[in-house]
Each structure stands twice: as C-alpha cells, then as structure tokens.
Amino acid sequence: MSSTFFGLNIGASALNAYSASINTVANNVSNANTEGYSKQVTNLEAMAALRNFNYGTLGSGVSAESITQLRNTYYDIKYWTNNSHTGQYEKKQYYMYQIQNLFNDTDNVKGFTTVFNSMFNMLESLKGSPSDPELRNHFINNTQGFMEYFNHMSTNLKDIQSDCNQEVLAIVSQINSYAQKIAVINDKINVIEIQGGHANELRDQRALLIDQLSQLVPVETEEFEVKNSNYPDMELGGTCFRIRIEGQLLVDGDLSYELECYSREEKFNQNDIDGLYDIRWKDSGNVFNAYSNTMSGQLKAVFDIRDGNNKENFQGTVAAVDGSVVTIKDPNIKTIESMNMPASGQIMIGNRSYNYSSFEMKVNPTDGSCTYEFKLSDNDLSSLSGKVNSPARIGDSVDSRGIPYYLSQMNEFLRSFCRKLNEIQSKGTDLNGDDMCTFITAIKPDGSEVQFADPDTYKSDGDNYFFLTAGNVSVNEKSLKDPNILATTIKEHIDASDVSEASLVDQMLNLKDKTVVYRGAGGTKFLEYITTDITIDTQEADILYSNYTDIGITIDTYRMSVSSVDEDEEGMDLIRFQNAYNLACRIISTMDEMYDRLITQTGV
C-alpha cells in the first residue's frame, strides 16, 4: 500500500522535474548566440511504479534523468570533412591571387608585354642605324630592363614562397595548440562523466576546436566507452576520444602528440629559398607526408603553393652504378633549359636518400637520348648494390603548380631566349672590331659573370645555361658600360667602308615571334602561356572554394537544425513547462487541502 503522503511526493517530483526543464530553457536562451553552443534538453522519465495489492501498480511521478546536448555526429563528421577542403581552396585562392597580380600586364601595370615590346621596338630602330651609339645604348638598357623584370619577378615569387614557409610554421603551431586544448578538455569531460554527469558545455568546446582544426588539416575522430580490462563487459563511465590526421594519432584521450618543423638540409628545386620547413612527429621522428593524395586543409594549400612543381621534378631509373657514380637513364628532363634540380643536393634512389656533389647530362648524338651521371658524396655507398633499375628522383612530385613550377617556366624561357640571342651575337663583331663576347650572362654568387664558353657542356659545375635563372640573368657589364660592345654585323660581312650593316638585327628580331623559343612558339607567347596556367589554377581555386563553401552551408544548416537554439521553440517550451509547473503546484495545493481535512478536521 502506498504512503499516506504518496500524492505529495508525486507532486514534488513534478515540481523538481519541470523546474529543471525551465532552467534548461533559460540556459538555452542565454546561449542562443554563443558560438559552438548546442541546444540542451532535460530528459524526463516516469519513475518506477509501486506495487499495490488492491489495484496492481501505481505510478510514482516523474524524474529528470539527465540534461544532454542535441548533436548529430554524422553531420559533424560531414562538416569537418568539407571544412578541410574549404580551408584548402580558400588559402590557395589567397596565394594564387598574389601570383596572378605579379603577372598582371595591363595599361596601368608595366609588365612583360611592355618591357618585351620596348626592347624589340628599340631593336627595330637600331636596324635603321646600327652604328648610332644612342640607339645602341637604348637597346642595351631596354634589354637590361627586360632582364631586371625577371629578376624582380623571381624575387617576388620567392617572397611568396617565404611567406608560405612561415605559414607552415604557424599552422603547425596552431595544430599543436588545438591538440593540447582538446586533450585537456577530454580529461575534464571524463572527470565529470565518470561521476554520472554530462559535460555538455565541454563537449561543445571540443567540437568548436575541431571545427577550427579541420580548416587546417583533415581530421578523423572516434569515441568509445572505456571498459574494465578484467571485465570487458563492464563500462567505467568514461570515454576515450581520439583524433587522427593522415592516419596518425594527434589526440588520444588526455594525451596529445606534437608535430614539429625542421629545416631541409638540401634544396629540392634549384630556385628554392634556403631553410624550407618539412614536418615530422616530435616523439617518433616519423615524417609527416603533407603531399598525400588524401591530404587537404590550409596546410596542404601552403605546401602546394610553396613546393608545387606539377610533377616535373627530376625522375629516372638507375642504369648503372660505378663506385660513387650513378648513371640515370630515361630521365624526364632531357634539355638544359628545363633543368630544375640543384647543382648539389640529395637524390632518392629506391627508398634511400644519397647526397650528390655534382651531375652531368650526356646526350647520345645518334638517337638523341640522354643519361645523367650523379657523383655521390656519401662515405658509405654499400647500399647501392642491387639498385640497378631502381627508380630515382630528386625532391617530391607535387601535383600542383606552385612557386617552383613558375620559376622553372621563367628559367626555361630565359635559357632558350638568351641562348639563341647569344648564339646570334657570337656570329658577329662589335663596333670595336672585336669578336662579340657573351651578351646575356648570369651573375654568379661571387659577383662574376658566366661566359657560356661551351654552351653544349651540361655539367652542373661548368659555365653553361643551367646557371642562368630568372634571379641572376643580366646583360654583360661591358655592354652596359660601352654600347659599342654589341654585334649587329656578321663577321664575314664586315666591310671597312660600311660598318652599318645590320644583318644580325633581323635574326634577333625573329626571336620575338618567328623563332621557336618557348613551348613551340616565339618569345611573345611566354606571357600568354604562363598566365593561362595561372588563370586556370586561380579559377580552379575560386570554383572549388565556392562549391565547398556552398556544400558547407548546406551541411551546417542540417547540423544547426538539430543542435542550434531556436528562440521561438524555446518560448513555446517555456510556456509548456510553466503550465506543467503550475499544474504541479496545483497538485501540491490540492494535496495540502486533503491532508488538512484529514489531519485537522477529521475526528472521532
């Protein structure tokens, strides 16, 4: 039989339950505009019924079993996956706009077309009066201006590469910071939930941190109940929450694992700046692969821009090993114009890296095939045995057009253009009656000039066009100081009575659009081709960023439909719970009257 005051206990349970529900609504309303907050609900359950021998069982009221948050894990995972792609293309878009602005060539911007046309316009003028010192001086200075244009472009592109490099360091620091914060929150969540509570606010904070982390790198999450190792079916009340990036644990419960940046010992590309960062796991030292096909996020974007070579890094197959000399056959780089590897550095043979001090490319005059011989500088070369037919490469194949790619394209154009211009000049004699020296040269680190004495020699330590880059190309100093040092006349055509013959000028003029200089066309097509590459990459970043942003909005709309606070809905809940609370108060009042009649007004 139930207690005399059983009804009063039922009313009291309702008062407690609906008081908790109203407090939950108040908390929701107060956090309606709090970033990352998820709606909370009070979970009400009927209390266990009591056995009554007269009429079976009797309900005993209601209890507020828990207050939990509303979140849909499926939408969270979809949002984090999409957020990683959005972050990647937003960052790539940012840097591609900078590269695009560098190559802008409009009426208001003095770009490639302006300086290129100015040089050839002066050459046209020189054709009419090749011995005029003023015209010769103008042409030489305009040519130097053209070379300085590439010097400035090289510097600006390397500045962008340096910015990307510093951002790698900053992003890694952010990743470590988020990982540490999430690990601390995991610990706090378990402290609360092992005692039977629900750490709703802490779970919201953790989800918000993952939102931010997923912009930087792709994340994989999992959460499972912690069980007693001696009794596998016994749950301890806590959970283990893990985050992986590229399959490696970043957070494991209350532990976090750090990434660290370290500077490369050797360059991967000829034009790379010094001190580029690679990433590894701090504890294990394992390399973090930022070029993986499954990689995304802002970190992927800055690596693509900083190291993107369009998979045009040096690649080949080991043909022979002779002591410290390794011969590479079937190389993908078959001309000196397209060489982009450092003069000395590291070459990966099979799955091991070796240092090389120099290399030489040899061309077979019979079939035009070429091979490379790399001089290795490692002391221990015993591991080279059995490496014949193994793949060899320098640097990583990055399937993106970034700074190394655009610098290589400029180098390829300049080496071809300057080589043909120097070959034309080498046929003639200057106004002083001397054989023409190298007109376009490259400035060595020590300040001396490369003379290209043997342009058909393809050694990395010889004076050849491999050393000519957009960063060091220049008109030779003698011509800059003395305009007479410029050949306009072929040696065989020299006539003492006529020094104005300009047969070489016509050949130089052909370099503009008649002689094949770059990608099967004349020099004037350089800007068109390279801006096409840049435009395609920029448009791709624009389109994909827009698409992933739209997808993200859609996913977030579904996510928010579950977890966001709707003020109208909360208002309705408030009225509903208020009415229920008032009815519970009425129950207490009614029971009070009944007990008063029973206790004070009933007598014998």
Side-chain angles (χ1 to χ4, degrees), residues 103 105 110-132 135-150 153 334-339 368 406 408-430 435-442 452 455-456 464-465 468-470 473-476 479 483 485-494 500-534:
F103 284 93
D105 195 357
K110 186 179 180 181
F112 174 86
T113 302
T114 303
V115 294
F116 189 71
N117 288 338
S118 294
M119 179 176 64
F120 279 94
N121 289 339
M122 289 309 305
L123 192 58
E124 284 279 6
S125 300
L126 185 62
K127 180 180 177 181
S129 183
S131 60
D132 187 327
L135 291 177
R136 296 170 71 89
N137 189 58
H138 283 324
F139 169 69
I140 292 171
N141 285 324
N142 274 271
T143 304
Q144 177 62 9
F146 182 60
M147 302 307 158
E148 289 177 351
Y149 164 80
F150 282 95
M153 290 295 294
K334 305 182 188 306
T335 65
I336 196 168
E337 285 82 4
S338 55
M339 285 183 182
Y406 294 116
S408 293
Q409 292 303 300
M410 290 197 299
N411 292 346
E412 185 174 344
F413 166 77
L414 282 171
R415 287 166 181 170
S416 177
F417 179 84
C418 296
R419 182 172 184 167
K420 293 180 185 300
L421 183 57
N422 282 339
E423 286 174 353
I424 293 171
Q425 284 287 295
S426 68
K427 300 175 184 178
T429 302
D430 62 26
D435 289 347
M436 183 60 195
C437 62
T438 300
F439 181 52
I440 305 297
T441 185
F452 306 122
D456 294 321
N464 56 68
Y465 283 90
L468 189 149
T469 69
V473 65
S474 175
V475 173
N476 77 80
S479 295
I485 303 179
L486 174 69
T488 59
T489 305
I490 298 177
K491 298 175 185 178
E492 291 77 7
H493 296 179
I494 295 175
S500 63
E501 199 271 334
S503 54
L504 291 181
V505 177
D506 286 326
Q507 296 183 35
M508 289 190 285
L509 284 170
N510 288 337
L511 294 176
K512 183 176 183 180
D513 48 26
K514 294 182 179 179
T515 302
V516 174
V517 173
Y518 178 73
R519 296 190 190 181
T524 191
K525 291 291 186 180
F526 166 77
L527 182 67
E528 179 181 332
Y529 289 153
I530 201 165
T531 52
T532 298
D533 291 341
I534 294 170

Could you give me the CA-CA distance, side-chain angles and deciding distance for Thr489 and Thr429, then say whether side-chain contact (heavy atoms from CB on, under 4.5 Å) is met? CA-CA 6 Å; Thr489 305; Thr429 302; 5.9 Å; no
So how far is it from Leu126 CG to Asn137 CG, rounded to the nearest 0.5 Å? 11.0 Å
When rounded to the nearest 0.5 angstrom, what is the spacing between CD in Gln425 and CG in Leu504? 6.5 Å
I want to check something: taking the side chain as every heavy atom from C-beta on, are Asn510 and Ile424 in contact at a cut-off of under 4.5 Å? no
Closer than 3.5 angstrom, by distance alone: can the side chain of Ser479 be matched with the main-chain N or O of Ile485 as a donor-acceptor pair? yes
Do you know the tightest heavy-atom contact between Ile490 and Gln507? CD1-NE2, 3.9 Å
Around atom NZ of Lys525, are there more than 12 heavy atoms from other residues, nucleotides or ligands closer than 6.0 Å? no
Heavy-atom closest pair (Tyr518 atom, Gln409 atom, distance to 0.1 Å) is OH-OE1, 2.5 Å
Determine, step by step, whether Asn476 and Ile440 satisfy the side-chain contact (heavy atoms from CB on, under 4.5 Å) criterion, reporting the C-alpha distance in whole Å, the side-chain angles of both residues, the deciding distance to 0.1 Å, and the verdict. CA-CA 6 Å; Asn476 77 80; Ile440 305 297; over 6 Å; no
Would you please name every residue forming a side chain to side chain donor-acceptor pair (under 3.5 Å) with Tyr149, sequence neighbours left out? none
Measure across Ser118 and Thr114 and return the closest heavy-atom pair with its distance rounded to 0.1 Å. OG-O, 2.8 Å
Residues two or more places apart in sequence or in another chain: which of them pass ring-ring contact (aromatic ring centres under 6.0 Å, His included) with Phe150? Phe146, Phe413, Phe526
Lys334 atom NZ, over 12 foreign heavy atoms within 6.0 Å: yes
Rounded at 0.5 Å granularity, tell me how far OG in Ser426 sits from CZ in Phe439. 13.0 Å
Heavy-atom closest pair (Thr515 atom, Lys420 atom, distance to 0.1 Å) is CG2-CD, 3.9 Å
Assess the residue pair Phe452 and Tyr465 against the criterion (side-chain contact (heavy atoms from CB on, under 4.5 Å)); give the C-alpha distance rounded to whole Å, side-chain angles, the decisive distance to 0.1 Å, and a yes or no. CA-CA 7 Å; Phe452 306 122; Tyr465 283 90; 3.8 Å; yes
Using the side-chain contact (heavy atoms from CB on, under 4.5 Å) rule, pick out the option among Thr113, Asp513, Leu511 that qualifies with Thr524. Asp513
Write down the atom of Pro483, the atom of Ile140, and the distance for their closest heavy-atom approach. CA-CD1, 3.6 Å
Mind checking the OH-CG spacing from Tyr406 to Asn411? Nearest 0.5 Å is all I need. 15.0 Å
Supply the atom-to-atom distance Arg136 CZ to Leu123 CG, rounded to the nearest 0.5 angstrom. 11.0 Å
For Glu337, salt bridge (charged side-chain N to carboxylate O under 4.0 Å, His left out) partners two or more places apart: Arg419
Judged by atom type as modelled, is there a donor-acceptor pair below 3.5 Å linking the side chain of Asp430 to the main-chain atoms of Met436? no
Give, for atom NE2 of His138 and atom CG of Asn121, the distance between the pair rounded to the nearest 0.5 Å. 13.0 Å
Do the side chain of Ser416 and the main chain of Glu412 share a donor and acceptor less than 3.5 angstrom apart? no
Test log, rule side-chain contact (heavy atoms from CB on, under 4.5 Å), inputs Leu414 and Met147: CA-CA 9 Å; Leu414 282 171; Met147 302 307 158; 4.2 Å; yes
Shortest non-hydrogen contact from Arg415 to Ile336? NH1-O, 3.3 Å
